[in-house]
Amino acid sequence: MLKLFKRKNKDIFDRLDTNNLPKHIGIIMDGNGRWAKKRGLPRSAGHRMGAKVLEQITRDAGHLGIKFLTVYAFSTENWVRPKDEVDALMKLMTEYLDDYRRLIGDDDIRIRIIGSKEGLSEEILQKIDVVENATKDNRAITLNIALNYGGRDEIVQSVRKIGHMIKSGDIDPDLIDEKLISENLYTNYMPDPDFIIRPSGEMRLSNFLIWQSAYSEFWYSDINWPDFTRNDLIRSIVDFQKRNRRFGGV
Ligand code: FPP
């Protein structure tokens, strides 16, 4: 599939440097509601289409050689949305987890869910366990789905864990450093995202990977997430590769 695309879109592929790919891409899958509204559909239809697009983009990212993809599916702040929308998103998540074998297909995709477990149903928590266990040895790409995730909440959890370690005498407070805080975040098994994509025209982080994105490059676009294509993914990576990343240096 990707081979055919490569042949048809030679111009853009030729500009892609496969030796300089982002190691970890974060995506804020925004614009589902607007996509649905434009078509006179309920917002949940936008989320359903967004989930389909996620499936394709995960495969494409894996085939390109991206090792980690983290997507924002539901934030700790999204609970205030109308109940029918929250229910629709949770139902979609349940179906996604139930269907993980089909989603993965022949691809070597590991699925992890990151975020707070508080407030999630027992049913979803059990399904998360099943999917994480079943895919734990897959290595081509790790798809982290941020569900009930908030960056500030994640930092609070990390600090709380470290507080307990101090209380039990396992570490000295003077040993607290950036590495220790990172090691106690949900993302402790992966590099920080070097590239964050936000479609739909918004230009903010919205509490997504706020600690980890200290040096991330950003890419914004007016495309709503359900319209995001493989071509957009490649275009964004080509743009990333033009950036001069200085990490505070000159
Ligand atoms: C933001 O768009 C999107 C969300 C809050 C949900 C994202 C979820 C998905 C794409 C579904 C993924 C599902 C699974 C099962 C992994 P918005 O609703 O805020 O859109 P708007 O800004 O246009 O209103």
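The figures here come from the full heavy-atom set of this structure, side chains too, leaving out hydrogens, waters and symmetry mates. Atoms within each ligand, like the ligands themselves, are counted from 1 in listed order.
Taking only nitrogen or oxygen atoms, main chain and side chain alike, Trp35 does not reach within less than 3.5 Å of ligand 1. Backbone and side-chain nitrogen or oxygen atoms of Asn32 are examined, and one is located within less than 3.5 angstrom of a nitrogen or oxygen of ligand 1. Inclusion of Arg43 in the set of residues having an N or O under 3.5 Å from an N or O of ligand 1 is warranted.
Each side-chain hydrogen bond (donor to acceptor under 3.5 Å, both in side chains) pair with one or both residues in residues 124-146, not counting sequence neighbours, appears once here: Thr70-Asn144, Asp98-Lys127, Asn144-Tyr189. Residues in residues 220-250 take part in these ring pair (Phe, Tyr, Trp, His ring centres under 6.0 Å) pairs, two or more places apart or across chains: Phe195-Phe240, Tyr215-Phe247, Trp225-Phe228.
Close approach of ligand 1 to Ala73 (heavy-atom distance below 4.0 Å) involves ligand atoms 6 (C), 7 (C), 8 (C). Atoms of ligand 1 found under 4.0 Å from any heavy atom of Met93 (numbered from 1 in listed order, with element): 15 (C). Heavy-atom proximity to Arg34, at under 4.0 Å, picks out these atoms of ligand 1: 21 (P), 22 (O), 23 (O).
In Leu54, the part holding a heavy atom less than 4.0 Å from any atom of ligand 1 is the side chain.
Nearest non-hydrogen protein atom to atom 13 (C) of ligand 1 is Ala51 CB, 3.9 Å. Of the protein's heavy atoms, Arg81 NH2, 2.8 Å lies nearest to atom 19 (O) of ligand 1. Of the protein's non-hydrogen atoms, the one nearest atom 11 (C) of ligand 1 is His47 O, 3.7 Å.
Between the choices Asp30, Asn224, Val53, Leu97, the shortest heavy-atom distance to atom 2 (O) of ligand 1 belongs to Asp30. Summarising the contacts of atom 12 (C) of ligand 1 with Glu202, Met29, Met90, the nearest heavy atom is found in Met29.
Remark: the Arg152 side chain and the Thr76 side chain contain no N/O donor-acceptor pair separated by less than 3.5 Å. Using modelled atom types, one finds a donor on one side chain and an acceptor on the other under 3.5 Å when comparing Asn32 with His47.
The residues Glu55 and Arg59 are annotated as salt-bridged, a charged nitrogen and a carboxylate oxygen being separated by less than 4.0 angstrom. A salt bridge is absent between Arg235 and Asp239: the closest approach of a Lys/Arg side-chain nitrogen to an acidic carboxylate oxygen does not fall below 4.0 angstrom. One finds no salt bridge joining Lys161 and Glu183 here, because no Lys/Arg side-chain nitrogen approaches an Asp/Glu carboxylate oxygen to under 4.0 Å. At a threshold of 4.0 Å, the pair Glu217-Lys242 does not count as salt-bridged, since none of the basic side-chain nitrogens sits closer than that to a carboxylate oxygen.
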